[in-house]
Every structure is written in structure tokens, then in C-alpha cells.
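Protein chains get the first letters and strands the later ones, always in sequence-line order, with residue 1 at the start of each. Since this is a predicted model, take the numbers as computed values, not measurements.
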Amino acid sequence: MNIQELTVNIEKAIKHSLKELGYYDESIEVSLEQPKDKSHGDYASNIAMRYAKKARKAPIKIAEEIVEKLDKESLYLETINVVNPGFINFFIVPSFIFGVINDINKQGKQYGQLSLGKNDRYNIEFVSVNPTGSLHIGHARGAASGDSMCRILQKAGYEVTKEYYVNDAGNQIHNLALSLEARYKQLFDLDVLMPEDGYNGPEIIKLAEKIKREVNDRYLHEEGYHFFKSYGVSELLAQLKQDLADFRVEFDVWFSEQSLYDEQIVQKTLDYLKEQNYTYEQDGAIWLKTSEYGDEKDRVIVKSDGTYTYLTPDIAYHKNKLDRNYTKLIDILGGDHHGYIDRLKAAIEMVGKQSNILEVEILQMVKVIQNGEEVKMSKRSGRAITLRDIIDEVGVDPIRYFFAMRSLNTHMDLDLDLALKQTNENPVYYVQYANARIHSLFTQAEKKGINFTNEDHKFTHLTGDKTIQLVHILSQYPDAIELAATNRTPHKLTNYLNQLASAFHSFYGDTQIITDDIVATKEKLALLNATTIVLEDALSLIGVSAPKKM
RNA sequence: GUUUCGGUAGCUCAGUUGGAUAGAGCAACGGCCUUCUAAGCCGUCGGUCGGGGGUUCGAAUCCCUCCCGGAAUGCCA
């Protein structure tokens, strides 16, 4: 029996007592909590307070009655205290808690693997930046959060497809082609102006130079629009993939918007919407009746000039995702797109499925600060600090950890001067250092001829609050995974990592690990081995490395 | 105006399915390396949880209201 099972048993026992006492009410849920203060036990229950009204008795009395009916031994409880105003505090026998060390060492990386999503297939779409320039630091948040979320969901037992929607059709790409053409011609000293909505970033100039090297002046004489378009998209997309890969973000599916046109999916979806009478014509445009499905107003899907809005292929795209039989579609979008959710959900309702199959996670924007001022990021203006720059200058680990730390819906400030210079302030090193220290201890122990052996230990030599605290946190790893996965909150995992590292550092400062007592040393090494397993696994879930030396 | 996300320590942020004395990192201050990694440990300082009402044994957390900031409110994407 592990600790999670034990807490369930304690809850059951409380429920049983309530029944015997004649108080039981199934609408009042029995659940244990973990008190912040160690003196309040390993677990605590507020159940007596919640039954006070129903039982018409003082909570403290109810608590006493419940406790009287509990069998301490079979529940591995050392003591049970009743405290004002009616909390019940449970102290588990230490040797039971230590059992988790053996479990972890036996299971290795499998420890914490859950099977929550047995019948679920999730599709998670994130980043999906247009291939019209370099990824900038603002995009990194989406990449880091989305990827971490996927890894955590997989650990929790969900089948996950990571997907990137490539906007390789439409107006933005048109502007890219024109921008590239203009830059190319400028290289021949032609007085060509950039298009009004053009992309002014330096990467477009570099690309134009590359084209010039390859084809020389060919497109001064012949029409090059299609060439610039496809060349630009494929080069920029390749760059984008590379940047993401270096950021340790890999996608399973790169879904091309153009393919929706090539395979007539957009046209078919449009026909379907018309047939079902979900559309009408007004002012020369075709509108979709999204307001009938919860949107604040109807939306144009075919403009009066005959072209589509962004929404049109996106409906077709989501229809396609639905047809691929996922049980859940998660879109991770930037905060500037939140007004888009209602129309998308409405459209999904129309193409046949319940809109709640789509879940949209909104990622608030990052405000980048440099030299004490806000830096406005914009691809069009070309003013941007690229992800590539940051990877090269600071490294992947600090950035990924930093973004994973923040809850998705918080508006955050990123001080670049701080991020670039004072990298030691990033808590990632605190966690990584814990792991490096452990590996150093193994090396030291080995030198003295003591090796960690993966056998069941009795842990009769382990004592002290710091030790118990560390073991306790190790036992909570599966809870942390579940919480982070079901609430879509990757930052719960960095909170957990920080707690674990802190417990370790504190334990380390308090306890001499390698001593002349071989049995005690081996027991401590077993604890450290369990700690490093969890540290490395949890770090891997947010895409951060775990160096053995620092 | 409407929708939406925020407002918690000097700064950046946790904590928000109601729980016990509101936390962490950084900054500031004071201790700890002749024994396992000082990227560390131990301690001190620091708060009208935006304001005001309400709900109850109990509210940062739930409800109402007001104030402040970001974002959205396109036949842009």
C-alpha cells in the first residue's frame, strides 16, 4: 500500500465512523488535506466542522467521537489529535512513510506515471506562429508552457498529439512574398518601397541576400511572386522548426493551412455551413450565424471581395481535428486572441460536435522590459528580441524554467537585463544544483567503497524532521502530477520542484550523509537515489536538463 | 461602454474546489566552508492580500459594489 492508498483508506474509515454515529450525509465530502504546519500532522481533516450544523453538536465533540471509532493500527497511524476548533490531525508512523523510498527506487522513471487519461486522446495545438519571421521571446512562453503541459499530460497517462498549425496561406503570406521581393530588389539598388503591411525584420533581409546569391538577378527580369512566396515560407518554417527544436519543443504534426485548400476541405466546410443554413448574405459578404451559438455577433466568413477571413480555414481546420477522433482539443492562444474563442466554439457546434470538446487555454502576454522600458514586440516592425538570441545568450534551461514557473493567466514582466546578466537569480539553478550535489555524493561514497544498492531497505536508521520532510515531499510527486495535469497548470510542477530541492538542501545541511555506519549510509543513499529520480523526472517534464555536475 | 485577465512584501510571482500564524525567489541585514559541491544552509527585516460591504464557526479564496492596469471589441491574422 502506498501513501495515496492509505489516505483513501483513512477517508473511508472516517466515512464509516460517520455512518455508525448516524451523522453521515453524502453531500458533505470527506477529504484529507496536508497542513502547512508539521505540528498539525501529516494529514488533517476539517470534517467535524462541516458536520457541526447537521449533527447539531460542537465540532470538537464530533471530532472526538469520530476518532474514538478509528483503528489506529490498521491505518498506520501513530497518533491522532483533536484540536480546536475541531480539526483532526493524523500522524502516520514514520516507517510507513519511508516505504515510498523503496517504491521509487524500484519504479525508477515510472514513479508518478498515472493512468488518468486511459480513454482519452488529446490534441494540443500551440505556438502556431505564422512563418513570416523569427520567433521572438514572447512566443517562447507559449512554446514552453504548451510543451510542458503536453509532457505533464503524458505523464498523467493521456495520449497526446502536439500540433502546430502553419498559416502558409492567406494574406500574411502574401505580405511576406511582397516583402521578400521588395528586399530582394533593394539589394540591386532599385528604389522599391516595402509594402504597407510588410515585414521589416532583419531576417527578411538576410533571406533576400541568400536568394540573391542563389539566383542572382533572375527575378528582376521575370515574375517572381510565387517563388518568393514558397521560398520564404519554406525557409522561415525550417528556421522556426530549428529554433523550437533547440528549445526542446518537438511537434508530432505540422499541419499546413494550404493543405486545407488543396484538399478542398475549406470549400466543403463552407458548402456544409451554407447547406445547413448557418450563413446569410449581407453587404456583399457571407456571414456565419455565430451569435445563435453564444457569440456576441455574427462573423464574416467570405469577404465582399470573395476572399476568406482567418476564421474560415480555421473552422475547416478544427473540423479536420474533430474528424481525427480526439476526445479533447486544446488550443493554447495568446491573450490577444481571447475574443476569438466564442466564434470558434460556435463554429465547432455547427460542424457537428459539442463545443466543450474544445478547450482554449489563454496565455497572457509577456511584457518585455529592457533598460527600464517596455520593448514592444512586433514582427511587422521588425523590432524584436528573438528566441534564438536568448537561447544563445542565456541557454534553454533558465528560459524554460522561468516560463514554466508562471501560471498561464498571469500578466508577466520579463526584465531582459536581469534574465541576461544575473542568470544565477533564476531558480532553475537551485533545483539543478540539488541534483548535482546528489551525484557528487554518490561519487564520494563510491570512493569509500559504499555503493547504492537497489534493494528494500528497512530505514531504521533514518531520523530527523528534515529527513521525514524530504520523504514526505517525494511521496507527493504523483499528487503534483495530477494537479498540474488536470488543472492545466505546469507551474504547479515547478512549485513542487522547488519544494523538493529545498527539502533536499535543508536535509543536506542538517545531515552528514557518508559516515562510518554502513547501514545508515546505505539507507541515506537510497533516499538520495529516490530524490534524484524524482528531480530528474520532474525536470524532464518541463524540458530542463539535469546536469550531474555543476 | 461591453467582454476578459490581472491588482498579495521594495521587485518578480505562488497561494484562490473556504481552513489553523498569508508564502517563495530576488533585494536588505546578521551568522555558517581545516569533513560529502557556499549556485548551499540557518536567522532577521519586510504585508490595510486594491477599497468598501455581505455570506459563516472560519474569507486572499465565495457573493455584491467601486477604484486601478493589460488585452479584446475588424469584411487583420
Side-chain angles (χ1 to χ4, degrees), chain A residues 29 31 33 35-37 39-40 44-46 48-50 52-53 58-60 83-87 89 128-130 132 167 170-173 175 197 282-287 296-297 299-311 313-314 334-342 362-365 367 369 379 402 405-415 418 422-434 436-445 447-448 466 487 489 491-492 494-495 498-499 501-502 504-515 521 524 549-550:
Chain A
E29 202 185 335
S31 68
E33 56 186 284
K36 292 170 216 159
D37 189 335
S39 69
H40 294 139
S45 172
N46 60 2
M49 268 99 79
R50 304 182 65 182
K53 218 170 228 174
I60 196 120
V83 194
N84 267 323
F87 287 104
N89 296 333
S128 296
V129 173
N130 299 337
T132 54
N167 294 111
N171 208 26
Q172 310 244 8
I173 297 304
N175 286 333
D197 290 321
Q282 189 184 307
D283 304 329
I286 296 175
W287 297 70
E296 63 169 325
K297 58 180 179 184
R299 308 290 170 176
V300 169
I301 50 174
V302 182
K303 295 184 251 178
S304 50
D305 67 1
T307 60
Y308 301 140
T309 61
Y310 181 81
L311 180 64
D314 212 19
D336 53 342
H337 287 71
H338 89 260
Y340 190 69
I341 301 171
D342 285 343
I362 287 296
L363 206 51
Q364 296 300 331
M365 315 213 79
K367 189 198 278 184
I369 309 222
K379 250 196 208 175
F402 182 79
M405 270 170 72
R406 310 308 196 198
S407 90
L408 303 185
N409 54 11
T410 192
H411 305 267
M412 56 183 281
D413 287 3
L414 173 62
D415 189 329
L418 216 66
Q422 299 173 294
T423 57
N424 276 9
E425 289 178 14
N426 192 305
V428 70
Y429 299 106
Y430 182 77
V431 178
Q432 289 181 322
Y433 186 55
R437 267 183 154 177
I438 292 173
H439 284 283
S440 169
L441 286 167
F442 281 121
T443 311
Q444 289 299 324
K447 277 185 194 159
K448 298 199 173 166
K466 310 271 186 184
N487 292 345
T489 47
H491 75 278
K492 299 274 183 196
T494 57
N495 287 358
N498 198 61
Q499 272 181 44
S502 169
F504 165 75
H505 284 308
S506 186
F507 163 72
Y508 178 90
D510 191 60
T511 312
Q512 182 73 23
I513 311 296
I514 301 160
T515 63
T521 301
K524 281 176 274 186
K549 266 189 190 169
M550 283 175 76

> If we call it a pair only when both distances are under 3.5 Å in a Watson-Crick or G-U wobble match, what pairs with G6(B)?
Replying inline: C68(B)

> Do Ile173(A) and Thr132(A) have side-chain heavy atoms sitting under 4.5 Å apart?
Replying inline: yes

>> Between G40(B) and Tyr508(A), is there a base-stacking contact, meaning the centre of the base's six-membered ring lies under 5.5 Å from the residue's ring centre while the planes stay under 30° apart?
In response: no

>> Side chain of Asp413(A), heavy atoms from C-beta onward: which of A20(B), C76(B), U12(B) has the nearest atom to it?
In response: U12(B)

> With side chains defined as the heavy atoms from C-beta onward, is the minimum distance between Leu311(A) and Tyr340(A) less than 4.5 Å?
Replying inline: yes

>> Counting only Watson-Crick pairs (N1-N3 plus N6-O4 or O6-N4) and G-U wobbles (N1-O2, O6-N3), all under 3.5 Å, who is the partner of G1(B)?
In response: U73(B)

> Using the P atom in both, what is the distance from U61(B) to C29(B), to the nearest Å?
Replying inline: 36 Å

>> Is the shortest side-chain heavy-atom distance between Leu441(A) and Lys524(A) below 4.5 Å?
In response: no

> Between Gln172(A) and Asn167(A), is any pair of side-chain heavy atoms under 4.5 Å apart?
Replying inline: no

>> Is it the case that atom NZ in Lys53(A) sees more than 12 heavy atoms from other parts of the structure closer than 6.0 Å?
In response: no

> Which whole number of Å gives the distance between the C1' atom of G10(B) and that of G19(B)?
Replying inline: 30 Å

>> Whether Arg437(A) contacts A38(B) is assessed here as follows: a side-chain N or O lying under 4.0 Å from the phosphate OP1 or OP2. Is that the case?
In response: yes

> Which base, if any, makes a Watson-Crick or G-U wobble pair with C13(B), both distances under 3.5 Å?
Replying inline: G23(B)

> Looking at Thr410(A), does any N or O in its side chain come under 4.0 Å of the phosphate oxygens OP1/OP2 on A14(B)?
Replying inline: yes

>> Using a 4.0 Å heavy-atom cut-off, does His505(A) contact any base of the nucleic acid, only the sugar-phosphate backbone, or nothing at all?
In response: sugar-phosphate

> What integer number of Å spans the P atoms of U12(B) and G31(B)?
Replying inline: 30 Å

>> Below the 4.0 Å mark, does A20(B) have OP1 or OP2 next to a side-chain nitrogen or oxygen of Lys36(A)?
In response: yes

>> What contact category does Ser45(A) fall into here, base, sugar-phosphate, or nothing, at under 4.0 angstrom with non-hydrogen atoms?
In response: nothing

>> Under a 3.5 Å cut-off for both contacts, is U35(B) paired Watson-Crick or G-U wobble with anything, and if yes, with which nucleotide?
In response: none

> Is there a donor and acceptor pair, one atom on the side chain of Asn89(A) and one on the base of A20(B), closer than 3.5 Å?
Replying inline: yes

> From Asp336(A) CG over to Ile362(A) CD1, what is the distance, rounded to the nearest 0.5 angstrom?
Replying inline: 8.5 Å

> Taking the same atom, C1', in C49(B) and in C62(B), what whole-Å distance lies between them?
Replying inline: 16 Å

>> Please tell me if Tyr433(A) has a side-chain N or O lying less than 4.0 Å from either OP1 or OP2 of A39(B).
In response: yes

> Nearest 0.5 Å, what's the CD1-CZ distance between Ile60(A) and Phe87(A)?
Replying inline: 10.5 Å

> His491(A) side chain N/O closer than 4.0 Å to the phosphate oxygens (OP1, OP2) of G15(B)?
Replying inline: yes

> From U12(B), A14(B), A77(B), pick the nucleotide closest to the side chain of Asn495(A)?
Replying inline: A14(B)

> Quick one: which of C36(B), G6(B), A39(B) gets closest to the side chain of Asn409(A)?
Replying inline: G6(B)

> Just how far is it from atom CD of Gln364(A) to atom NE2 of His338(A), taken to the nearest 0.5 Å?
Replying inline: 8.5 Å

> Rounded to the nearest Å, what distance is computed from the CG atom of residue Leu414(A) to the P atom of nucleotide U12(B)?
Replying inline: 12 Å

> Sub-3.5 Å donor-acceptor pair from the side chain of Asp37(A) to the main-chain atoms of Ser39(A), do we have one?
Replying inline: yes

Could you list, one pair per line, each protein nitrogen or oxygen that sits under 3.5 Å from a nitrogen or oxygen of nucleotides 70-75 of chain B, together with the distance?
from, atom 1, to, atom 2, distance (Å)
A71(B), O2', Gly335(A), O, 3.2
G74(B), OP2, Lys297(A), NZ, 3.2
G74(B), O5', Lys297(A), NZ, 3.4
C75(B), O2, Ser304(A), N, 2.8
C75(B), O2, Ser304(A), OG, 3.0
C75(B), N3, Ser304(A), OG, 3.4
C75(B), N4, Asp283(A), O, 3.0

>> Between C45(B) and C66(B), how many Å separate the two C1' atoms, rounded to a whole number?
In response: 35 Å

> Looking at Gln444(A), does any N or O in its side chain come under 4.0 Å of the phosphate oxygens OP1/OP2 on U37(B)?
Replying inline: yes

Identify the pairs formed between an N or O of the protein and an N or O of nucleotides 54-56 of chain B at a distance under 3.5 Å, and give each distance.
none

>> Taking any heavy-atom pair under 4.0 Å as a contact, classify Met412(A): base, sugar-phosphate, or nothing.
In response: sugar-phosphate

>> Rounded at 0.5 Å granularity, tell me how far CG in Leu363(A) sits from NE2 in His411(A).
In response: 11.0 Å

>> Does C13(B) have OP1 or OP2 under 4.0 Å away from a side-chain N or O of Ser407(A)?
In response: no

>> A side-chain contact here means heavy atoms from C-beta on lying under 4.5 Å apart; do Arg437(A) and His505(A) qualify?
In response: yes

> If the C1' atom of C11(B) is compared with that of A27(B), how far apart are they to the nearest Å?
Replying inline: 7 Å

